[in-house]
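First comes the structure, then the notes that go with it.
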Amino acid sequence: MGQRQLTPLPRPFYDRPVLAVARDLLGAVVRHGEVAVRLTEVEAYAGGHDPASHAFRGPTQRNAVMFGPGGHAYVYFTYGMHFCMNLVCGPDGSASAVLLRAGEVVAGVDAARMRRPGASERDLARGPARLTKALAVDRALDGADVTSRRSALQVVAGERVPDDAVRRGPRVGVNAAHDVPWRMWIDGEATVSVYRRHVPRVHSKK
DNA sequence: AAGAGGATGGCCT
DNA sequence: GGCCATCCTCTTC
């Protein structure tokens, strides 16, 4: 085993086009406290011209972090109960980000199990909201700098994933631009989430 | 001020 | 495959 990487990926890592960052995040490790997750699936979201991006209609209170510098976490709340985590990237103000969709818990499995009772080891971080649950990432970490050595939330380099192991396809749960293959995952990984096409939800009212 | 719907997940058949 | 919990955020009036 190689020497343990203790230094978070630096800011310049994120100051690149979102697709390049997304690709290189595969195999990288997100750590929050004792729990660490090796990323096996991510999705790229561009800034103002991507109709699927939260930044599409300009800055709001929720997406403000997206318009800031790269290397910060954009965490949002959805469906009344879940959090999802992105990493802001690209030049400052480009408002692009990479959604962390799934990964393999490589440290702190016991702590992750406590947070995800009943889940199999494979499912601990298999899905964007499961991943934040396993890592205990929530609203409090919106805007957190993941490049700081003293940050509780960090992203460190992992083993490089070869090009022929990187697969691409349409983004999950997204109507707009479903033709754009900006979802990326590592071929053959058990922790990659199950693909689900976007289904408009019927509003059940009393 | 109100309504619609969501970058999901868990449980059901 | 379907259903729906649960509440925040944005849009529109």
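First the proteins, then the strands, lettered A, B, ... as listed; each starts at 1. Keep in mind the model is a prediction, meaning the values are calculated, not measured. These numbers come from the heavy atoms of this one structure, side chains and all, not from hydrogens, waters or symmetry mates.
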Inset, instruction - Could you summarise the pairing of DNA chain B as dot-bracket text, marking Watson-Crick and G-U pairs under 3.5 Å with ( ) or [ ] inside the strand and | across strands? - result: ||||||.|||||.
[X] [atom1] to [N] [atom2], straight-line distance once rounded to whole Å:
{"X": "A/R62", "N": "C/dC10", "atom1": "CZ", "atom2": "C1'", "value": "8 Å"}
{"X": "A/R171", "N": "B/dA7", "atom1": "CZ", "atom2": "C1'", "value": "9 Å"}
{"X": "A/R101", "N": "B/dG9", "atom1": "CZ", "atom2": "C1'", "value": "11 Å"}
{"X": "A/F83", "N": "C/dT6", "atom1": "CZ", "atom2": "P", "value": "15 Å"}
{"X": "A/N175", "N": "B/dA4", "atom1": "CG", "atom2": "P", "value": "18 Å"}
{"X": "A/D138", "N": "C/dC8", "atom1": "CG", "atom2": "P", "value": "13 Å"}
{"X": "A/E41", "N": "B/dA7", "atom1": "CD", "atom2": "P", "value": "16 Å"}
{"X": "A/K133", "N": "B/dG10", "atom1": "NZ", "atom2": "P", "value": "10 Å"}

Kindly point out which of [options] is positioned nearest to the side chain of [X]?
{"X": "A/H54", "options": "B/dA7, B/dG9, C/dC10", "value": "B/dA7"}
{"X": "A/M66", "options": "B/dA7, C/dA5, B/dG9", "value": "B/dA7"}
{"X": "A/F77", "options": "C/dC10, C/dC7, B/dT8", "value": "C/dC7"}
{"X": "A/M81", "options": "C/dT11, B/dA7, C/dT6", "value": "C/dT6"}

Between [atom1] on residue [X] and [atom2] on residue [Y], distance to nearest 0.5 Å:
{"X": "A/D50", "Y": "A/H54", "atom1": "CG", "atom2": "NE2", "value": "10.5 Å"}
{"X": "A/Q154", "Y": "A/R31", "atom1": "CD", "atom2": "CZ", "value": "4.5 Å"}
{"X": "A/N86", "Y": "A/Y76", "atom1": "CG", "atom2": "OH", "value": "6.0 Å"}

Legend entry - Polar side chain donor-acceptor pair, A/E41 to A/S193, under 3.5 angstrom: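 There is such a pair between these side chains.
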Legend entry - Salt-bridge present (A/E189, A/R122; N to O < 4.0 Å):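 Salt bridge flag = no for A/R122 with A/E189.
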Inset, instruction - May I ask whether A/Y79 stacks on the base of C/dA5, given the cut-offs of 5.5 Å between ring centres and 30° between planes? - result: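 Taking the rule of under 5.5 Å and under 30°, the ring of A/Y79 does not stack on C/dA5.
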Legend entry - Stacking of A/Y76 on B/dA7 base (centres under 5.5 Å, planes under 30°):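 Here the ring of A/Y76 and the base of B/dA7 are not stacked, as the 5.5 Å and 30° limits are not both satisfied.
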For [N], does either OP1 or OP2 sit under 4.0 Å from a side-chain N or O belonging to [X]?
{"X": "A/R139", "N": "C/dT9", "answer": "yes"}
{"X": "A/R116", "N": "B/dG9", "answer": "no"}
{"X": "A/R183", "N": "B/dA7", "answer": "no"}

Inset, instruction - Select from A/Q61 and A/H82 the residue whose nearest nucleotide in DNA chain C is closer to the 5' end of that strand. - result: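 Residue closer to the 5' terminus by nearest nucleotide: A/H82.
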Legend entry - ring-ring contact (aromatic ring centres under 6.0 Å, His included) pairs, two or more places apart, involving residues 93-146 of chain A: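 Listed once each, the pairs would be none.
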Inset, instruction - Please collect all side-chain hydrogen bond (donor to acceptor under 3.5 Å, both in side chains) contacts where either partner lies in residues 125-142 of chain A, sequence neighbours excluded, each pair once. - result: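 Output for this query lists A/D123-A/R126.
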Inset, instruction - Kindly confirm or rule out a cation-pi arrangement of A/R171 over A/Y45, judged by NZ or CZ under 6.0 Å from the six-membered ring centre and within 45° of its axis? - result: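 That pair qualifies as a cation-pi contact.
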